[in-house]
Amino acid sequence: MSQQLSEQELLRRQSLEELNNLGINPYPPEQFEVNTTTQDLHEKYESNPAAFSNVKIAGRIMGRRIMGAASFTEIQDEKGRIQLYIKRDDICPDEDKTLYNTVFKKLMDIGDIIGVEGFAFVTQMGELSIHVKSLKLLSKSLRPLPIVKEKDGQVYDAFTDPEQRYRQRYVDLIVNPQVREGFIKRTKIINTMRNYFNSFGYLEVETPILQPIPGGAAARPFITHHNALNMPLYLRVANELYLKRLIVGGFTGVYEFAKDFRNEGMDRTHNPEFTVMEIYVAYKDYHWMMEFTETMIEKVALEIHGTTKVTLGNQTIDYQKPYRRVRLLDAIKEHTGFDLTPMNEDEVRNVCKTLGLEVDETMGKGKMIDEIFGEKCEHNYIQPTFIIDYPVEMSPLTKKHRTDEGLTERFELFVNGKELANAYTELNDPIDQRERFQEQLRLSEKGDDEAMFIDQDFLRALEYGMPPTSGMGIGIDRLVMFMTNQETIQEVLFFPQMRPEKKADVTTDEDFMELGIPQPWVDLVRKAGINHLKELKNQNPNKLHGQLCGLKKKMKLDLQNPTPEEVKSWIEKVG
RNA sequence: GAUUCCGUAGCUCAGCUGGUAGAGCAUUUGACUUUUAAUCAAAGGGUCCCGAGUUCGAAUCUCGGCGGGAUCACCA
């Protein structure tokens, strides 16, 4: 099955052939050595023009203005654009003007990648340009790019359709420089964090993505199957339990930038695979981790924006440390008026009903408290705030609070009303941990389909002894969204998950020709309104024969009419 | 998953109460040696997402499907 090509695509394929006929390889194998970049030129030309008297630069053609024997062309490299001034008699000093008249003007298009050599100068209009002395095609582009134009900051014909931008991110990156900028910031954020961790001597590690038991978080996993072992494996929902095994093994601090996978809903803040950074540090507690975390985020903001104040939607978030610490039950008391501290499960259930929250019998006290906080409090925390000291029931991997009965030493960092990070003083008491897992099992039997599995090997590791440890996890995609002022996760992932593209059921010219229809007649068959094989199948042969001969006459084409038998054979061949 | 909006040329979009399509940019041809959303002149380009129905006639109306956006729900 061949592609149906548009007019412009056909023309570019013809250009490709003509280039080959002229002895020009449209995809040359040898390297093209550049000695400058658009960024270099724009930053350094003014102070030292002499340094740019012989430049070699490569990029993609993004715009052309041709005026007879001289032309202006814009090329784009990774960092920006530069204008080229191409004069016929400069690139074609001899009699033969083919390179300019044919190759450059006719056979090259917007989207082609070229390399040029020349000298930098400033035009009468004041624009830094390169006066080209030689020109080489490095890669021919066969598809027309969306043409985005811009004047005085006003963008015309912007390429904005989200579906096309996400499905063809490469095109998005070519024509929308701000998209490229956003992804560069993403990497900068990650690098800033990595440098920060490394400055403490913590070790970056890798742990299994395929796990026999999907532990460390309450979430629905993707399930797959290993053929050789003939057993199910899960894509990890978290890497917590593996990183803690490494702390047991004697590392002081370990961290991983990890892809996690959750088989749950997709929307503008959830992608089935997403990136989380988790870090575990021995001999620390959650108070230390709060300070560590706010320092880290402040650094990231400064690195990206040069200030701690960052715009997010119509808010300004100030990431300057220290952040407020609010106990979870105090937050609930403040926003609902109810003090849940002395209450048992039934009393909390009644509070939920009073607040108009949907609860059922399978929900334990912890889950209901989580529900109240999520519904009534969470959205209030716009500026970075640590919510601390969560109930035991909702924190099965967290150490019990040193003074407050029924609570754990856990914090979550909220920004713009959303959870950004989650951390504990880790539970390292193997007996307690086993009981907590068993409690999860009871919840699961009660009908909670998110309760955690028991990981026996993890318990065995804890039984050898894990130092007191604090761990923290932070959603990288969400952090990038906050730092780059994006509202959707799709904007911070190169390739967000999408439904597969559905190919339209198209009948091509070749499909028609396979039936024995000569090429010139295919056009007439289409003119007769037949674009699908199945439409052809339903035709009366004699009627179609007459119709085609009539069309030929009408369009004054010099063709030999097919016989009615031939037309009949086409239709019969459709099968 | 629910509601709602959208799908027309390579791109951005217009197309009224039904009469088989238009614009700008891009493309092609021509003019032009410092232009810059270059300009000027001319031309070509469309299974109007797919399928069924109503109708003499559907891009337009109805139903179903596919894909996407938004809002909500679910979800660490």
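Since the structure is predicted, the reported quantities are computational estimates derived from the model, not experimental observations. Every chain is numbered from 1 and lettered A, B, ... according to where its sequence line falls, protein lines coming before strand lines.
- Distances from the side chain of Thr488(A) to the nucleotides rA70(B), rG10(B), rU12(B) place rA70(B) closest.
- Nearest nucleotide to the Ile147(A) side chain, out of rU33(B), rG69(B), rA26(B): rA26(B).
- No close placement of the Tyr255(A) and Tyr280(A) rings is indicated, their centers lying 6.0 Å or farther apart.
- Considering only the side chain of Pro146(A), rC11(B) comes nearest among rC75(B), rC11(B), rG68(B).
- With both ends at atom P, the span from rA21(B) to rA41(B) equals 26 Å, rounded to whole Å.
- Residue Arg268(A) places at least one side-chain N or O under 4.0 Å from the OP1 or OP2 atom of rU71(B).
- Applying the 3.5 Å distance criterion, the base of rG44(B) shares a donor-acceptor pair with the side chain of Glu7(A).
- Residue side chain Gln83(A) reaches the base of rU35(B) through a donor-acceptor N/O pair under 3.5 Å, judged by distance alone.
- Salt bridge Glu256(A)/Arg236(A): present, at least one basic N to carboxylate O contact under 4.0 Å.
- We find that Arg180(A) and Asp172(A) are not joined by a salt bridge, their nearest charged nitrogen and carboxylate oxygen being 4.0 Å or further apart.
- For Asp109(A), taking side-chain heavy atoms from C-beta onward, the closest of the listed nucleotides rC75(B), rA37(B), rU28(B) is rU28(B).
- A distance of about 39 Å separates the C1' atoms of rG68(B) and rU29(B), rounded to the whole Å.
- In this structure, the CD atom of Glu163(A) is 15 Å from the C1' atom of rC5(B), given to the nearest Å.
- Rounded to a whole angstrom, the distance from the P atom of rG53(B) to that of rC40(B) is 49 Å.
- Base pairing annotation: rG18(B) forms no Watson-Crick or G-U wobble pair, as no partner gives both donor-acceptor distances under 3.5 Å.
- At least one side-chain nitrogen or oxygen of Lys149(A) sits closer than 4.0 Å to the OP1 or OP2 atom of rA38(B).
- Phosphate proximity of rA37(B) to Gln154(A): absent, as no side-chain N or O sits under 4.0 Å from OP1 or OP2.
- When the nearest nucleotides of RNA chain B are assigned to Leu11(A) and Glu487(A) by heavy-atom distance, the more 5′-ward of the two goes with Leu11(A).
- If you take CG of Asp267(A) and P of rA70(B), they are 10 Å apart, rounded to a whole angstrom.
- Judged by the 6.0 Å distance and 45° axis criteria, Arg88(A) is not positioned over the aromatic ring of Phe104(A).
- Checked against rU34(B), rU28(B), rC32(B), the side chain of Ile66(A) finds its nearest nucleotide in rC32(B).
- Backbone-only engagement by Lys106(A) is indicated by non-hydrogen atom pairs under 4.0 Å involving sugar-phosphate atoms exclusively.
- Scanning both residues, Lys106(A) and Asn101(A), for their nearest heavy atoms gives CG-O, 3.5 Å.
- The distance between atom CD1 of Ile174(A) and atom P of rG10(B), rounded to the nearest whole Å, is 18 Å.
- The interatomic distance linking Lys367(A) (NZ) with rC74(B) (C1') rounds to 11 Å, in whole Å.
- When the P atom is used for both rG7(B) and rC16(B), the distance is 12 Å, rounded to whole Å.
- Proximity of Arg65(A) to the phosphate of rU35(B): no side-chain N or O atom is located under 4.0 Å from OP1 or OP2.
- Going from the C1' atom of rG15(B) to that of rA31(B) covers 35 Å, rounded to whole Å.
- With a cut-off of 3.5 Å on both Watson-Crick or G-U wobble distances, the partner of rC72(B) is given as rG1(B).
- Comparing atom distances between the Thr123(A) side chain and each of rU33(B), rU36(B), rG10(B) picks out rU36(B) as nearest.
- Ala238(A) comes within 4.0 angstrom of nothing in the nucleic acid, heavy atoms only.
- Note on Arg167(A): a side-chain N or O is less than 4.0 Å away from OP1 or OP2 of rG68(B).
- If you check every strand for non-hydrogen atoms under 4.0 Å, Gln124(A) touches a base.
- Residue side chain Asp161(A) does not reach the base of rG69(B) through any donor-acceptor N/O pair under 3.5 Å, judged by distance alone.
- Atom P of nucleotide rA26(B) and atom CG of Leu145(A) are separated by 14 Å, given to the nearest angstrom.
- In this structure, CG of Leu10(A) is placed 11 Å from P of rG10(B), rounded to the nearest angstrom.
- Between Phe414(A) and Phe373(A), a ring centre-to-centre spacing shorter than 6.0 Å is recorded.
- Remark: P of rU39(B) and CZ of Phe72(A) are 15 Å apart, rounded to the nearest angstrom.
- If you take atom C1' in rC61(B) and the same atom in rC48(B), they sit 16 Å apart, rounded to whole Å.
- Using N1 to N3 plus N6-O4 or O6-N4 for Watson-Crick, or N1-O2 and O6-N3 for G-U wobble, each under 3.5 Å, rC25(B) pairs with rG10(B).
- The C1' atoms of rA59(B) and rU47(B) are separated by 12 Å, rounded to the nearest whole Å.
- Here rG64(B) sits opposite rC50(B) as a Watson-Crick or G-U wobble pair (both hydrogen-bonding atom distances under 3.5 Å).
- Base pairing analysis places rG44(B) opposite nothing; no Watson-Crick or G-U wobble pair with both distances below 3.5 Å involves it.
- Looking at Lys367(A) and Asp370(A), no side-chain N of the basic residue comes within less than 4.0 Å of a carboxylate O on the acidic one, giving no salt bridge.
- A salt bridge links Arg81(A) and Glu74(A); the closest N-O separation between the charged side-chain nitrogens and carboxylate oxygens is under 4.0 Å.
- No engagement by Glu74(A) is indicated, since no non-hydrogen atom pair under 4.0 Å with the nucleic acid exists.
- Taking atom P on both nucleotides, rA58(B) is separated from rA52(B) by 12 Å, rounded to a whole Å.
- Counting to the nearest Å, the C1' atom of rC25(B) and the CD1 atom of Ile110(A) are 10 Å from each other.
- Ring geometry, Tyr323(A) versus Phe386(A): the interplanar angle falls from 30° to 60°, so the pair is classed tilted.
- Pair assignment for rA58(B) gives none, since no Watson-Crick or G-U wobble pairing has each distance under 3.5 Å.
- Checking rU12(B), rC25(B), rU36(B) against the side-chain heavy atoms of Glu127(A) singles out rU36(B) as nearest.
- Nearest to the side chain of Tyr85(A), among rU28(B), rU36(B), rU33(B), sits rU33(B).
- The side chain of Met67(A) lies closest to rC32(B) when the candidates are rG67(B), rU12(B), rC32(B).
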